[in-house]
Structures are given as C-alpha cells and as structure tokens.
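A short write-up of the structure that comes next.
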Amino acid sequence: MLSKIPTNLPPHLSLKFIKTYINSGDLGRARQLFDKIPDPDLRSWTVLITAYTRQGFAKEAVKLYTHLRDRSIQPDKLVLLSAVKACATSADLIKAKEISEDVTKFGLCSDLLLGNALIDMYGKCRYIEGARKVFEDLQVKDVISWTSVCSCYVNCGLPRVALKVFREMGLNGVRPNSVSLSSILPVCSDLKCLNSGREIHGFVMKNGMEENMFVSSALVDMYSSCLCIRQAQLVFDKMPQRDIVLWNVIITAYFANAESENALNLFRQMRAEGAKLNYASWNAVIGGCMQNGRTQDALEILGLMQDSGFKPNQITITSILPACTNLESLRGGREIHGYVFRHWFLEDITATTALVFMYAKCGQLEVSRRVFDMMPRRDTVAWNTVIIANSMHGNGEEALLLFDEMVNSGVKPNSVTFTGVLSACSHSRLVDRGLSMFYSMDRDHAIEPDTEHYSCMVDVLSRAGRLEEAYRFIQDMPMEPSAGAWGALLGACRVYKHVDLGRIAANHLFEIEPHNPGNYVLLSNIFVTAKLWAEASETRKLMKDKGIRKLPGCSWVQVRNKIHTFVAGDKSNDQSDVIYRFLNDMGEKMRLAGYLPDTDFVLQDLGQEEKEDTLCSHSEKLAVAFGLLNLNGESSVRVSSRNLAATFAKKDLAKDVACALRD
DNA sequence: GAACGCGCTC
C-alpha cells in the first residue's frame, strides 16, 4: 500500500518513489512527495514534467519548469527537452520563446535532439520564423529535423512550401522515413495533387514500406482525396493486417467518393471481422451516411452505436443535427437541443454552431440568436452561421452589424463570411454597402473574391435594378462566370423586364446548365411579358425538344402537429373553399386600399380576371392563408417551399433523431 | 530523452 508519503529520503530514493507513483497512475502523490523534497535533483524535475505532459496536463508541466527557473536552478539538456515537449503540447508561444532562450543561454543551441524538439515546438505554436531559424542554425540536420520543419509548414497552412522542403530533403541526401511520408501525404490529399502522391507511393514500394500502418492509411486517404477510390482499395487490400484507423480511413474514403453502399458493406465487414470500433469509426459512418443523404441508415447506426456502449458525443450530434434543419422538424430539434444542453455539449463550439444553424433553418431566428449569444467562445464558422442566418431571413442590416462585431472581436472573416455578407446585401438591397464590402475583401482582409462572391455582387446590382452595371460586372470577372452570376442577372431581367440582357444571360445558362428547366421558363416569361409570343413559344419548344420538364412548386405549413401541403391551384384540401374565399376577400381589400396585382407575372395568355385568379392560387399563398385561418395567432405562420419531388421525401426526421438518443 | 495516420458545424 502506498499510504504515507515518505519524507527525508535521499535524492535517488525520492526519484524512485516519484517514478513508482507515476507508474501507478498517481500523479498527485508524486507531486506531493516532490514538493516535500527541499532540493529536488534535475532528474526528479524532468520525470515529473514529462509525466504531466503525457497525462494531458501540459500547462502544469510548463508551470513546473517556470518554478525551476524561478529558483535559479540551471537546467540541463534533459529538463529542457521535457520543457520543450510540454510547451509544444500546450502550444504556448510566449513560454516557447523563453525556453528557447534558455537553450541558447546554456549553450545547447547546436544540440540535434534539442534542436529537433524546438522545431517541433515552434511548429505546434505555428511560429514558422522560429522553427526556420532553429533549423538553419543546426550544424547537423537529420531526417527528424527535416520532417519536423515540413510538419511545421503543414501546421501553418503552407502545404506547398512543405512539399518543396520535402523535395529539398531528398536533394540533400536525407532519406524520408515512414514518419516523413505520413506527414507529407496529407499535403497531397489537401492539394489533391495526385502526381506527387503517386510519386511518394512509388518511393514507398521501392523501399518496402507499404506495410506500415501509418503510411498505408495516409496513402488510402490521399487516393480518396484525389477521387481514385479504386487505387485506395488496392492499397487497403494489400495490407496483411488492418488496424482500426485503416478501416476508418477506407470507409470514410468510400463515403467521400459518394459510394455509400460500398462504405456500408465495408462497415459490416469490419464488424464481422471483430475490429474494435472506436468513436471515430461510429462518427465516420454516421457522418458519412448523413453526407450521402442516408438519414435513415444514420439513425439505425446511431442506435447500434449506443447498443455497443458508446454515448453519442459532440461530433455524433453535430453530424446528425442536419437531419433537423427543415421547418417541420422544430419539435424534434428542440428535444435535441435539450440533449445537447443536458450533456454539456453547449461548451462545444461546433455542436452549438450546428444548433444555431438548425434553429435558423427552422424559421426560429430569435431562438437561433439566443443560442449564439450564449456561446462562451465564437470562431469564424460560428460568426458565419449567425450572419448567414440573418441573411436568409432578410435582415441585411443586422447581418452587417454582426460582421462589424465579428471583426471588432478579433475573429478573422474568411471567404464564406463574405458570401454571407454579400448575399445579405443583395436580399436587403444594400447596394453601396455591398460594393464597399466587395472591394474591402482583398484590400482589408487579404481574401481574393471567388466565383461565388462575384455572383453575389451580380445579384446585389441586379436586384437593385442596375442591370447594365451587373452585366459589365460579369464581363469584367477574372474567371469564367458561373451559372450563379448569369442566373442572378436573368432573374432580375424578368423582374425589370429587360429582354436583351435576358436573352444574353439565358443563352449563357443554356450552355452551362442545359438541363435546368428554370432558365427556359424564365426566358419564356420574359418574352411573354414583352408580348414576343413567337420567341416565347420557341423557348418552350426548345425546352420540350430537350425533354426537360419543370417540376411543380409546392409549399407546406405546420398547424399544431400536422403538416399541410399545397401545390399551385390546389383544391384538394378540406378547407379549400374557405381558403379561396379568404384570398378573394383579401384581394378585394387590397384593391380598395389601392394595390393592383402585377399580372405581368402570369405567363398564360388569359383574361385579366383569370390572371388575378392564377396569382391567388400560388402554392405559398395557399399555405399562408391556411396557416392564418387555422393558427388563430397562437404561433407564427411558418411556410416552406420546395419542388414537389423533394417534398415526397420530407418527414419529421428530427423526432426520429430525438427518439434515437438515449440518455 | 525527439517526429506520424481516422470523426463534426457555415
């Protein structure tokens, strides 16, 4: 029994006791003994610092080193190594610099082991200059020095430099080992650089390293990222043994390549072979199902996961939450919110962000905002989500205020942020703000606008009726204009009745996406409005000849527990009579108030009265009327629309998700 | 006494 902590031991014995306590997992007792030694030797310091780092208390380890220095004890190489490692783990750049100074101060800056550890430390602190300096100053560099400096560039988001350094290493006659290879292969994955990946695969085979678990799982991941799933499978098949990571990687690879059937088969095979699944396995397969639209499978596997004794964690919840991002899911979504709350997952920035997004998508902007406001910390994605939420709901001014708040709080915007901000500007007709935002991207935030941003700007100008400007904007784009850009212009040409530009935009769209029915319908409608009947029917004919059909629009509204669906001109609802009478009354009241319906929006060649009728039977209008008539103000009316085919698949999945989660 | 591979949100 290790009951009483001994005192007054000679140094070698106290070290022995400290080690015994650490090995038995009692770090606290080791510390108590250490604190009782009046003058601990350097070995004791080293052992304790290392133990703290290994057991996940790197900050405490760094503190311990600070105590040592406060006592003006001169560190040796071993203590410094342990401190450098602690600092690397806690990624504390300020302490990192202090320790680095100590290394120099005590004349150890040309030591290879310490130098390598310092490079790794700076890499983990994302301080390239520091790592580079240590690397340059090393008289002798080995494979670890080179690998560490490569990893540093990878960590700091400079994959191309990492690849360059990796090649330099070879040119300097240093042969990469398995660690170097599994560090550099993810770079090929990120850059989708199949050529470099293949080259490295060749090196692996020539040097007989293909059975290394780290190397082969990195190879599988590389081939998967480069969309060569067959190559990935070949690497996997050649492995005589498969550890859990290799299984996870190959399953993720199939999901990422949209082959979910094969992924699920491998998942079954993995379980049949008795592989010991970990959290990554369960989350990979649940996330993979969700990414591939297999919500039902995801739910089933969520059940299996819990049967196997794994409690869904933040990542599981985050993956499954998108099942709840539709209007009819609000109830189930709330239950999941409860689960997230009960399990302290609100501390998790990713899970909470998914929750913020879910509420916004369910039409609950206020709740979404309250959840966001309660977040203890917010990263770029969290800010992006709340900005996009406001943009979706047409709160352009609020989205811009949030953007300022984001920048002021020191969180860096990225390209998604600007997509959100610019689309907010377009929905709220904030043209000047949109333009100034767009020009500030490159100038103030070093973000180069991509196709999506240009399309947003075309939308900003188009919706404001500045069609010629929008067209010039498209012509000045540095890249090939996307369907989004031309589509924004075409839509606005319909609203502002601009035939010439409409024709130009549509012709580009027919090239880019020849099978999108919307473009043909829009152009035909533009012709109808301009009374260019011949061209209108020609467009319709073009569409028909290509075998393209427009799917009917559809809207639905939830009243208490039931979802009611409407298509345009729908008379199938029990209350259809009441709905149409209500809409007619409203129409009459509007006319009296001086509002005349814009019948230009009806494409058929009908009489004025019939045209007004057609406008009244729009599917969204029917759904809103039904909601107003049946909800009696007891809650807000939330209507959502999609094309009919997508609607058949809708279902309150959130409830299923909530049911599947067991406390 | 040093270095490496798998899971989540916009």
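In what follows, chains are A, B, ... by sequence order, proteins preceding strands, each numbered from 1.
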- Item | Value in whole Å for how far the C1' atom of B/dC10 lies from CE of A/Met406 | 10 Å
- Query: Is A/Lys95 close enough and on-axis enough to A/Tyr65, meaning under 6.0 Å and within 45°, for cation-pi?
  - Reply: no
- Salt bridge A/Arg378-A/Glu405, side-chain N to carboxylate O under 4.0 Å: no
- Task: Please report, rounded to the nearest Å, how far the C1' atom of B/dC8 is from the NZ atom of A/Lys311.
- Result: 18 Å
- Would you please classify the geometry between the A/Trp383 ring and the A/Phe372 ring as parallel, tilted or perpendicular, with 30° and 60° separating the classes? perpendicular
- Query: Can you check the A/Tyr359 OH to B/dT9 C1' distance for me, whole Å?
  - Reply: 16 Å
- Message: When you compare the side chain of A/Phe418 with that of A/Pro449, does any pair of heavy atoms fall below 4.5 Å?
- Response: no
- Does A/Glu366 pair with A/Arg370 as a salt bridge, N-O distance under 4.0 Å? no
- Message: Take a 6.0 Å sphere around CD of A/Glu452 and say whether it holds more than 12 heavy atoms from other residues, nucleotides or ligands.
- Response: no
- Message: Treating primed atoms plus P, OP1 and OP2 as sugar-phosphate and everything else as base, which nucleotides of nucleotides 2-7 of chain B get B, S or - for protein heavy atoms under 4.0 Å?
- Response: BBBBBB
- Message: Rounded to whole Å, how long is the line connecting atom CG of A/Leu302 with atom C1' of B/dC8?
- Response: 14 Å
